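Report on the structure given below.
Per chain, numbering begins at 1; letters A, B, ... match sequence-line order. None of these values were measured; they are calculated from a predicted model.
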Amino acid sequence: MDRRNFIKATGTAAIAASAPAYMTLARAQAGPIKIGVLAPLTGVVASGGKEMVEAFNFYWDTNGKKVAGREVQLTVEDDASNPDTALQKARRLVEQGNVHMLIGDLLANTGLAVAEYVKGNGTPYFIPIIAADDLTQRKRIPNVVRIAGYAASQNPRPLADWLYRKKGIRKVVTVSQDYTFGHEQCGGFVQVFTELGGKVLAQYWHPLNTQDFSPYLAQIQDAKPDIVYAMETGADGNRFIQQWANFGLKGKIPLSGSMNLTDQSIIRTLGGEAEGILSAAHFCEGADAPATKKFVADYEKAFNHLPSLYGFSMYSGGMWLAEAIKAVNGKVEDRPAFLAAVRKVVLNDSPLGRPVRLDDYGEPIYDVYIREVKKRADGKYWNVPLEVYPNVSQFWHYNPEEYMKQPPYSRTFQGIKG
Amino acid sequence: MTLAVVQALNGVTFAALLFLVASGFTLIFGLMRIVNLAHGALYLLGGYIALTVASKSASFALGIGAAAAAIAFAGFLIDRFLLGFVKGFELRQVLLTLGIALFMNDLALVIWGGDTFTVPIPDAMRGAFSIGGITYPRYRFFVLAVGIVVFVLLWLLLNRTRLGALIRAGVDDAETVEAIGIDIKRVFVYTFMLGAALAGIGGALGGAFLSLYPTADSEILVFSLAVVIIGGRGSLAGAAVGSLFVALLATYGQVWFPELAYFVIFGPMALLLAFRPLGLFGRAA
Amino acid sequence: MSASTKLGLALALVVLLALVPFLAPGYPTTIATEVLIFATLAMSIDILAGFAGRTPLCHGAIFGVSTYVVLYYVTVANGNPWIGVVLGVIAATLTAMIFALLAVRTSGVYFLLLTLALGMIVWGICLRWTSVTGGENGIRGSIRPGWLSQPAQLYWFTLGATTAMTLAMWRFVRSPFGLSLAGIRESETRMRALGYDVPLHLFIGFSVSGFFAGLAGALYAFFNSFVSPSTVALGQSVEGLLMAIVGGIGTLFGGLLGAAIIIALENLVSAYTERWLMALGLLFILTMIFAPTGLLGRINTLVARRGKRK
């Protein structure tokens with residue numbers, strides 16, 4: 001189990017203390033850089049949260065917990081998969097722990113709660129996992145930056161494009177968990193797909209923790225689409241893939257899904273049922289990029305399983321922060337300068353494989369992989385890249401200001417054309 | 001038409017699983033007047049144990065057996081060493097089991113982690129049957145079969161054995177049973193162990209198609225509560241009828257009003273508790 | 001202990017509590033504010049569980065309904081926060097009344113399960129009625145007026161409100177009506193035989209309990225500036241009940257003690273491990289086995305024994 005406070009003996013204090021000018025600022029800069037890490041370590045998404053913390057620590061452990069002459073001190077708090085707790089812990093980290101910045105959270109509602117809190121006190125808050133579109137669009141906050149993260153509607157768009165153009169798909173059915181994250185992913189997919197001329201036969205929304213997908217599976221069989229796009233996370237994803245196979249649909253109708261559906265956190269406990277599922281994501285554990293291969297190999301050695309979305313993102317987040325801290329010479333107390341540095345970082349050598357930088361709205365621009373689940377030589381299943389779409393921003397090919405005039409994706413607004 | 005048949009099958013097979021879990025719950029509630037809020041945690045723990053044993057030994061049957069034995073033992077420990085302290089105080093017992101549930105849930109998280117797991121089943125049970133245009137998973141028929149077998153076995157136990165007679169007498173009037181010299185404590189322990197074992201078996205079987213994850217325990221507990229309240233405590237027939245009712249409500253609810261599916265069971269549960277707490281088949285003490 | 005000694009002690013306690021922002025400024029003051037709010041919730045539960053003898057698992061929902069109404073009224077309907085408070089308390093009391101209508105004829109374990117189910121229904125509504133409650137995202141927005149923006153200011157305001165509410169609750173349970181509730185707890189049949197309308201008494205007791213839970217919920221809206229379905233979830237009711245039990249069911253002030261113990265314990269445990277839920281479960285188990293009457297209950301028993309020996 002992780003220890004929550006990482007304190008290293010420091011000898012750097014002496015060096016930093018000899019800095020000139022304001023004595024208090026100098027003394028503050030001599031102390032450690034405190035990062036507050038929020039993650040769901042208990043509750044329904046506990047496994048994702050655990051991996052978030054593991055991967056973040058992994059970055060600092062392998063690269064040294066010292067940047068620009070200051071030691072880095074991490075304090076981990078459990079947000080219990082629950083926004084009230086996330087808020088309480090964020091308060092504790094900021095007001096009692098005096099952290100210089102917050103990073104983490106997994107569920108969108110926890111991220112939104114903490115974002116509202118830091119809006120009031122200016123603490124920099126970094127969200128590599130929270131994918132709520134509006135945090136970098138209509139409701140963006142200056143001190144909330146989605147480093148190494150993604151917006152929900154960002155990745156499904158190239159998938160829709162690829163399926164239409166490259167695979168000749170014309171009719172699609174979507175199945176999704178009924179909450180904002182699902183609405184946004186499906187909206188991204190469906191808007192592009194219909195703008196190209198495709199047809200959406202039906203969209204099924206089900207509550208989180210649906211045990212039985214057979215009503216939807218039966219209706220899908222009747223509708224006979226060219227492909228199904230399934231937006232599922234966690235236990236729902238696990239069950240959906242199994243039931244898809246058990247009800248005999250595997251092999252009959254092609255299946256594609258959100259990157260969460262084919263994420264390692266789901267497919268690592270499954271077998272051949274997941275084989276062949278298509279998805280699109282900004283990383284791909286089976287990709288050839290040397291940085292990716294090395295990361296995956298090191299990670300697998302350290303933790304005995306392949307890295308998931310949570311692993312990739314938090315590790316890259318750590319890398320991102322280190323770059324930004326270096327750029328301001330460790331002066332994280334100067335918030336405007338630090339945040340400006342964060343926004344200017346271009347991450348060149350991350351496990352994501354390709355150079356990553358932020359757009360003007362605080363959201364990364366990625367080269368997105370079209371992925372397929374394949375079996376590895378050792379019997380494990382992972383995603384391998386089929387194609388790459390370069391420079392995909394959260395706005396796709398749309399003009400940002402025009403795009404933001406359209407309402408946010410919801411169950412009733414999916415951006416369907418025609 | 002196909003959809004209607006598939007839905008009916010879903011309801012009935014889910015009912016079989018609920019019956020497994022709820023029958024244990026109703027025996028404990030009926031005989032010992034204990035609302036065992038740790039029942040869901042016993043289910044989950046049973047599922048995880050079956051997962052580990054079945055994965056390591058490649059035998060599903062061994063997994064089920066291990067789950068039953070281990071959880072029966074857990075039941076023994078709980079009854080002997082924890083519930084023993086609060087005998088006679090109904091509310092304290094309930095709250096005690098609540099504490100046990102919290103503890104066991106977190107313990108399971110520590111041991112198995114939060115990933116979603118599925119108990120591995122033999123190849124013969126994978127895949128689907130195809131009858132007259134309807135494709136339906138083989139495994140769910142297995143669950144249905146187990147549910148029916150367990151119902152028959154429990155019926156035989158309760159109606160054709162001495163222990164069963166003692167349990168039924170105890171459900172009706174535990175004081176009198178003790179007064180005529182029967183060691184009711186022994187009966188209580190066996191009942192608790194049996195109820196726990198049923199929960200464990202339920203976890204093993206449910207873990208194969210509903211999967212196992214950190215909040216699965218509270219979900220199944222809520223369903224069990226609804227079944228026992230609706231069916232009536234201490235009644236096997238009540239557990240069977242209640243399971244069918246709740247399962248069909250949940251299954252059709254998912255199709256007709258998916259938004260409210262989970263909460264649809266609380267309505268009937270609340271109404272019954274308010275106006276007919278004994279449920280459909282329960283009898284006054 | 002004479003009445004004037006008790007009053008003196010209570011006054012001393014209030015004065016001591018008022019010093020907290022000086023003795024422990026900043027974050028500890030925020031924690032203290034939280035303790036006061038949940039103490040009120042726990043005490044409101046005690047009115048029903050301790051004095052009327054009916055243990056509920058729905059007060060988290062009643063508490064949270066008030067928070068939702070206050071936050072909705074101020075952030076979405078752009079209303080005045082104080083009117084929002086009034087509306088919130090009314091909503092909470094109405095909720096309690098509806099629950100009471102259904103629940104007063106039951107007791108013991110059935111009462112517990114019924115209130116559990118009713119609380120879950122409220123949770124379901126808050127989770128699914130996205131257009132009004134914000135669904136799983138909840139409602140966010142600061143509603144504090146300028147003069148409550150500092151932790152110390154909010155703390156003193158909460159302390160004042162809590163003192164007033166505690167006084168009101170104390171007077172209520174000590175009143176003839178409150179004593180008749182205690183009579184119902186001791187022996188319902190006797191009370192019925194004496195001609196008391198038991199269901200009516202329980203209904204009023206439940207509603208009063210809901211009223212105070214609603215007040216606590218409104219304070220929480222000021223404190224938290226955020227509400228989500230987890231505020232009305234079963235976990236909230238369970239924690240509130242545990243606070244009342246650990247402090248001492250039937251003592252009223254046990255709620256304050258219980259809230260302080262549990263919140264302090266949570267802060268302490270979370271600093272060293274993530275296993276807070278395990279610790280909470282253990283606390284439940286140990287309390288039920290070794291101190292079912294709670295800390296104050298234990299103290300009262302010891303004091304009584306000492307008195308008898310004299």
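Inter-residue side-chain proximity for A/Gln96 and C/Thr30 is flagged as unmet; no heavy-atom pair is nearer than 4.5 Å. Between A/Lys50 and C/Glu274 there is no side-chain heavy-atom pair separated by less than 4.5 Å. Contact of the A/Tyr179 side chain with the C/Glu136 side chain is registered, since non-hydrogen atoms from C-beta on lie closer than 4.5 Å. Considering only heavy atoms from C-beta on, C/Asn224 comes within 4.5 Å of A/Arg91 through its side chain. Residues A/Thr85 and C/Trp276 are not in side-chain contact: their nearest non-hydrogen atoms beyond the backbone lie 4.5 Å or more apart. A/Lys89 is listed as a side-chain neighbour of C/Ser270, based on a closest heavy-atom distance under 4.5 Å.
With rounding to the nearest 0.5 Å, the separation of OG1 in C/Thr67 from CG in A/Asp84 is 9.0 Å. Rounded to the nearest 0.5 angstrom, A/Asn82 CG and C/Thr231 OG1 are separated by 8.0 Å. Remark: A/Leu41 CG to C/Leu277 CG distance equals 11.0 Å, nearest 0.5 Å.
Heavy atoms closer than 4.5 Å to chain C are found in both the backbone and the side chain of A/Thr180. Both the backbone and the side chain of A/Leu112 come within contact range of chain C, each with at least one heavy atom under 4.5 Å from a heavy atom of that chain. Of the two parts of C/Phe223, the backbone and the side chain both hold a non-hydrogen atom closer than 4.5 Å to a non-hydrogen atom of chain A.
Counting heavy atoms of neighbouring residues, nucleotides and ligands inside a 6.0 Å radius, atom CH2 of C/Trp82 exceeds 12 of them.
With respect to chain C, the highest number of heavy-atom pairs below 4.5 Å among A/Lys119, A/Glu116, A/Gln88 belongs to A/Glu116.
Across A/Pro207 and C/Arg128, no two heavy atoms sit closer than the pair CB-NH2, 3.1 Å.
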